[in-house]
Amino acid sequence: MQAKRIRTLHIIIVFLVILTMISLTCAGTMGILYVRETGEVNRLRGEKEQLLADQAMPVLSVDVEDNTTGNNEAGMTEQDMESASEIAAAGQDSMGDADAAGIAELMQAKESEVEQSIKDRMKALVTGEDGSPLKMLRSFFPENLIYSFEDEYVFAPVLEGVKKHTLLEENFQKTEEGLMEYVENGTVTSHKGIDVSKYQGEIDWAAVHAEGIEYAFIRLGLRGYESGKLVLDEFYDANMRGANAAGVSAGVYFFTQAVTVAEAQEEAAFVIDHLADYDVPYPVVFDVERISGGKGRADEITKEERTEITIAFCEAIKAAGYTPMIYGNVVCFSQLLDMTRLNDYDKWYAFYDDYMYMPYEVSCWQYTEKGRVDGIPGNVDLNISFKTW
């Protein structure tokens with residue numbers, strides 16, 4: 001933890017360096033404006049001096065008959081004209097100095113304003129009610145996906161070749177009951193859902209439906225992270241029957257530990273075999289999370305291998321007439337999978353906070369693991385989706 005604090009301090013120092021660079025950039029910009037302004041002042045000064053010189057020149061009046069030259073303008077002697085020119089020039093010099101001082105003062109004020117604005121924003125993002133150094137970093141580096149992984153901050157680039165969502169941050173709202181919604185022009189356009197497994201125990205699905213839950217992702221099973229055996233969730237059948245009977249649209253998910261394409265195809269066949277007796281209008285989800293602590297049999301496969309495994313599962317599900325979906329968190333979608341190859345599949349994103357931190361297109365967001373729903377004893381994962389199936 002101490003090491004993480006030190007790294008956070010280092011990152012903040014980097015921010016201050018970046019802040020200084022931004023200030024210097026602003027100063028450079030103002031300098032360019034100053035040079036341009038000075039050039040304009042000099043041009044206008046030259047025009048005025050030329051005008052004064054034209055006015056000071058004696059008017060030549062040629063008399064054809066006696067060939068005499070007229071005098072200077074009445075009331076203005078040559079000495080007077082020279083004195084006026086000197087005064088005018090001195091006045092122009094004074095005006096130029098004043099302009100330069102004003103521009104310098106403006107540059108300094110703008111630089112201070114930018115610096116203070118950045119400091120205020122950094123402070124608010126760190127010290128706010130839901131603030132943290134991580135949230136501050138995410139705000140200042142939108143070109144990266146930033147997360148904490150194994151006591152390090154990871155700055156993963158946001159990939160150009162991956163579809164981006166068009167959701168607006170200001171449209172996410174929480175109800176008084178703590179439920180997340182997506183609201184457009186006063187209308188809730190998101191859809192309420194949950195996901196369950198044996199850990200929720202027996203569920204009163206009629207009560208769940210009465211609370212407004214539209215769909216549920218039900219765990220079908222998993223592959224043992226050590227044994228490699230395929231296991232059916234012991235509450236799968238009861239949950240599917242209950243959801244179907246209550247009118248809650250059902251999808252399923254399977255926790256993979258496949259290490260080869262052949263094993264992914266075996267998992268898909270296992271899932272498809274157990275879908276036959278139920279109505280499954282919602283997606284069949286491939287959960288690609290890693291086991292924490294480095295104990296999973298699939299933890300050491302490469303990004304390319306995991307991506308091939310994911311595609312193999314999804315294509316088998318699609319061929320069977322179901323909708324495939326991929327479940328993961330920010331680590332999965334930035335480090336474990338090649339997202340540029342997965343644009344054709346729906347994504348279900350897990351991120352537990354009051355804002356959805358993900359630039360890529362997702363169909364469903366799991367925003368808390370501590371939700372409460374009538375009919376379910378204890379906590380349950382809550383989701384909102386941005387489409388229906």
Side-chain angles (χ1 to χ4, degrees), residues 1 3-19 21-22 118 121-122 125-126 130-169 172 255-256 285-294 296 298-311 313-314 325-367 369 386:
M1 182 61 69
K4 190 169 183 179
R5 290 176 179 170
I6 293 174
R7 282 190 291 274
T8 302
L9 179 60
H10 288 169
I11 291 170
I12 292 175
I13 291 173
V14 171
F15 265 116
L16 293 177
V17 172
I18 293 172
L19 174 63
M21 294 175 65
I22 292 173
I118 294 175
R121 179 163 176 76
M122 291 172 65
L125 290 169
V126 172
D130 59 345
S132 68
L134 195 55
K135 191 169 185 179
M136 178 193 69
L137 292 174
R138 287 168 174 167
S139 176
F140 280 91
F141 289 89
E143 69 277 13
N144 291 107
L145 271 169
I146 305 173
Y147 54 91
S148 178
F149 182 72
E150 297 180 350
D151 290 331
E152 296 282 349
Y153 283 125
V154 178
F155 287 72
V158 174
L159 303 175
E160 291 295 328
V162 183
K163 291 180 182 177
K164 310 300 189 298
H165 71 72
T166 58
L167 303 169
L168 301 178
E169 183 177 352
F172 286 99
F255 182 77
T256 181
V285 184
F286 198 53
D287 184 346
V288 297
E289 294 173 285
R290 293 202 314 181
I291 297 295
S292 61
D299 284 355
E300 301 304 319
I301 63 176
T302 66
K303 177 186 289 189
E304 292 73 19
E305 289 170 334
R306 193 183 302 273
T307 302
E308 291 290 345
I309 286 168
T310 301
I311 292 173
F313 180 93
C314 289
M325 177 185 271
I326 303 165
Y327 173 91
N329 55 22
V330 67
V331 176
C332 295
F333 290 163
S334 66
Q335 187 176 134
L336 302 187
L337 294 168
D338 181 357
M339 296 296 287
T340 63
R341 300 182 60 197
L342 302 173
N343 278 320
D344 293 339
Y345 310 114
D346 285 306
K347 314 296 187 309
W348 176 14
Y349 178 52
F351 182 76
Y352 303 147
D353 213 315
D354 290 340
Y355 67 108
M356 193 187 80
Y357 179 66
M358 172 55 60
Y360 302 144
E361 183 178 78
V362 297
S363 301
C364 190
W365 172 27
Q366 184 187 78
Y367 62 90
E369 59 183 344
F386 311 105

State whether the side chain of [X] and the backbone N or O of [Y] hold a donor-acceptor pair below 3.5 Å, judged by distance alone.
X	Y	answer
N343	K163	yes
R290	G296	no
Y360	L159	yes
H165	S363	no

Problem set entry | Criterion side-chain contact (heavy atoms from CB on, under 4.5 Å) against L145, the qualifying member of F333, F155, Y357 | Y357
Exercise. So how far is it from N329 CG to S334 OG, rounded to the nearest 0.5 Å?
Worked result: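 The CG atom of N329 sits 8.0 Å away from the OG atom of S334.
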Apply side chain to side chain donor-acceptor pair (under 3.5 Å) to [X] and list each qualifying residue two or more places apart in sequence or on a separate chain.
X	answer
W348	N383
Q335	Y147
Y327	Q366

For this session: Go through the structure and list residues passing side chain to side chain contact (heavy atoms under 4.5 Å, CB included) with T302, not counting sequence neighbours.
Result: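 E304, E305.
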For this session: Only counting residues at least two apart or in another chain, list the ones meeting side chain to side chain contact (heavy atoms under 4.5 Å, CB included) with T256.
Result: A258, E267, F286, V288
A side-chain contact here means heavy atoms from C-beta on lying under 4.5 Å apart; do [X] and [Y] qualify?
X	Y	value
V158	K164	yes
T310	I326	yes
V154	N144	no

For this session: Report, as yes or no, whether the 6.0 Å neighbourhood of atom CD on E143 holds more than 12 heavy atoms from other residues, nucleotides or ligands.
Result: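 Enclosed.
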For this session: Kindly state each residue pair satisfying salt bridge (Lys or Arg N to Asp or Glu O under 4.0 Å) with at least one member in residues 330-350, sequence neighbours excluded.
Result: E308-R341, D346-K387
For this session: Would you check, one step at a time, whether the test side chain to side chain contact (heavy atoms under 4.5 Å, CB included) holds for M325 with Y345?
Result: CA-CA 6 Å; M325 177 185 271; Y345 310 114; over 6 Å; no
For this session: Show the numbers, then the answer: is there a side chain to side chain contact (heavy atoms under 4.5 Å, CB included) between L167 and M356?
Result: CA-CA 9 Å; L167 303 169; M356 193 187 80; 3.7 Å; yes
Exercise. Can the positive tip of K135 be found less than 6.0 Å from the middle of the six-membered ring of Y355, inside 45° of the ring normal?
Worked result: yes
For this session: Evaluate side chain to side chain contact (heavy atoms under 4.5 Å, CB included) for D299 paired with I291, printing each intermediate quantity in order.
Result: CA-CA 7 Å; D299 284 355; I291 297 295; 4.0 Å; yes
Problem set entry | Nearest heavy-atom neighbours spanning R306 and L336 |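 Between these two residues, the closest heavy atoms are CD-O, 3.5 Å.
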For this session: Go through the steps for L134 and I146 under the test side chain to side chain contact (heavy atoms under 4.5 Å, CB included), then give the verdict.
Result: CA-CA 7 Å; L134 195 55; I146 305 173; 3.8 Å; yes
